[in-house]
Amino acid sequence: MNTTPSKTTTPSTTTPPAGTTDPAEGAADAVTEDATGQDATAKDPLAKDATGTPSDAADAADATTASDDLADQTAEAEAEADDADEDLEPDPFTEARHGVGAGAAAVVSAALGVVALTGAWTGRVAAERETLIGQIKTSGGGSAAQQISEIYGDAWHTTALVNGVFAVLALLVGVFVLVRPAFGVPSERPQPAWVRAVALAGVALGALGVLISVGMYFDLFAALPTAGAPAAG
């Protein structure tokens with residue numbers, strides 16, 4: 001029977017000499033430093049740019065500046081296009097002035113036509129003047145036919161002449177309003193219908209006034225009265 005106690009083998013722990021590094025600890029430190037470097041690189045992507053590589057921030061700034069320049073150029077082009085459109089479009093105030101002038105002329109034409117048919121105070125004053133002149137001429141004596149011609153006929157013809165002048169003016173103004181759009185600077189807006197209607201009314205009244213005035217002046221509608229021959233004594 002073996003009475004010698006069994007010996008237990010215990011792994012010896014060897015302490016490295018001073019000044020040396022355990023290889024396992026060195027490997028662990030290297031792995032730790034690599035992980036730390038990768039984390040730092042992941043957290044700070046601009047760290048590589050600091051060493052001389054082009055910066056993404058600078059590229060982004062350049063892209064933003066280019067976008068701003070493009071936006072400014074687009075805005076300038078749109079402004080120039082708007083200015084060109086405004087130059088091509090007619091001035092509404094000018095168009096309105098043309099319309100007002102044509103309407104006023106049409107109304108004047110119609111009013112002159114009415115005056116030509118009804119008579120004006122100028123015609124009445126001229127007729128009274130001719131009557132007075134005839135009375136002065138025949139005051140010293142004259143035949144009945146001479147008195148009728150000087151006192152009544154001249155006044156009648158003067159009234160017809162004055163009314164005829166108003167009729168001719170109405171006719172000319174109305175025709176001018178109707179033919180005005182065909183001459184001068186063309187307008188994109190057509191002439192209003194009421195302007196043409198009033199101008200046509202002025203032309204019609206003027207033409208009718210001219211016919212009546214001509215008939216009155218030449219005694220076509222009514223002849224001057226004639227004095228009968230004196231009865232024999």
Side-chain angles (χ1 to χ4, degrees), residues 93-187 189-233:
F93 296 101
T94 303
E95 295 293 330
R97 286 196 297 270
H98 290 326
V100 170
V107 172
V108 169
S109 174
L112 290 174
V114 172
V115 171
L117 293 178
T118 59
W121 67 271
T122 53
R124 184 172 61 254
V125 170
E128 292 176 355
R129 180 179 181 276
E130 289 297 328
T131 299
L132 180 60
I133 292 175
Q135 291 175 353
I136 293 173
K137 288 182 179 180
T138 59
S139 62
S143 62
Q146 184 181 3
Q147 291 179 359
I148 293 173
S149 176
E150 293 290 340
I151 298 174
Y152 178 77
D154 291 348
W156 176 266
H157 295 161
T158 302
T159 302
L161 182 61
V162 173
N163 292 343
V165 171
F166 279 99
V168 171
L169 291 176
L171 185 61
L172 292 178
V173 173
V175 171
F176 172 78
V177 173
L178 293 176
V179 301
R180 176 64 179 83
F183 301 96
V185 180
S187 177
R189 298 181 180 180
Q191 195 176 57
W194 71 269
V195 174
R196 294 194 299 271
V198 176
L200 284 173
V203 171
L205 293 174
L208 184 60
V210 169
L211 293 177
I212 294 175
S213 298
V214 170
M216 290 175 59
Y217 189 84
F218 292 102
D219 300 328
L220 299 178
F221 303 119
L224 290 175
T226 56

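- For the pairing with L112, the side-chain contact (heavy atoms from CB on, under 4.5 Å) check across L205, V168, V107, L169 returns one residue only, L169.
- Here the shortest heavy-atom pairing between A106 and A199 reads CB-N, 3.7 Å.
- Within the 3.5 Å criterion, the main-chain N or O of A105 finds no donor-acceptor partner in the side chain of S109.
- Remark: the backbone N or O of A145 is not paired with any side-chain donor or acceptor of S149 at under 3.5 angstrom.
- Annotation: the span from H157 atom NE2 to D219 atom CG amounts to 3.5 Å, rounded to 0.5 Å.
- To the nearest 0.5 Å, the span separating OH on Y217 from OG1 on T158 amounts to 8.0 Å.
- Interatomic distance, CD of Q135 versus CD1 of I133, reported as 10.5 Å (0.5 Å rounding).
- With E130 contributing its side chain and T159 its backbone, the two residues share no donor-acceptor pair below 3.5 Å.
- Shown here for V195 and V177, the closest heavy-atom pair between the two residues is CG1-CG1, 3.8 Å.
- In this structure, OG1 in T138 is found 11.0 Å from CD1 in I148, a value given to the nearest 0.5 Å.
- Taking CG of L117 as the reference point, atom CG of N163 lies at 8.5 Å (rounded to 0.5 Å).
- Note that CD of E150 is 11.0 Å distant from CD1 of I136, once rounded to the nearest 0.5 Å.
- When all heavy atoms are compared, the tightest approach of F166 to A120 is CE1-CB, 4.0 Å.
- Listed here is the closest heavy atom pair of P225 and Y152: CD-CE2, 3.9 Å.
- What you find for G153 and L224 is that their closest heavy atoms are CA-CD2, 3.6 Å.
- Of all heavy-atom pairs spanning G209 and A167, the tightest one is C-CB, 3.4 Å.
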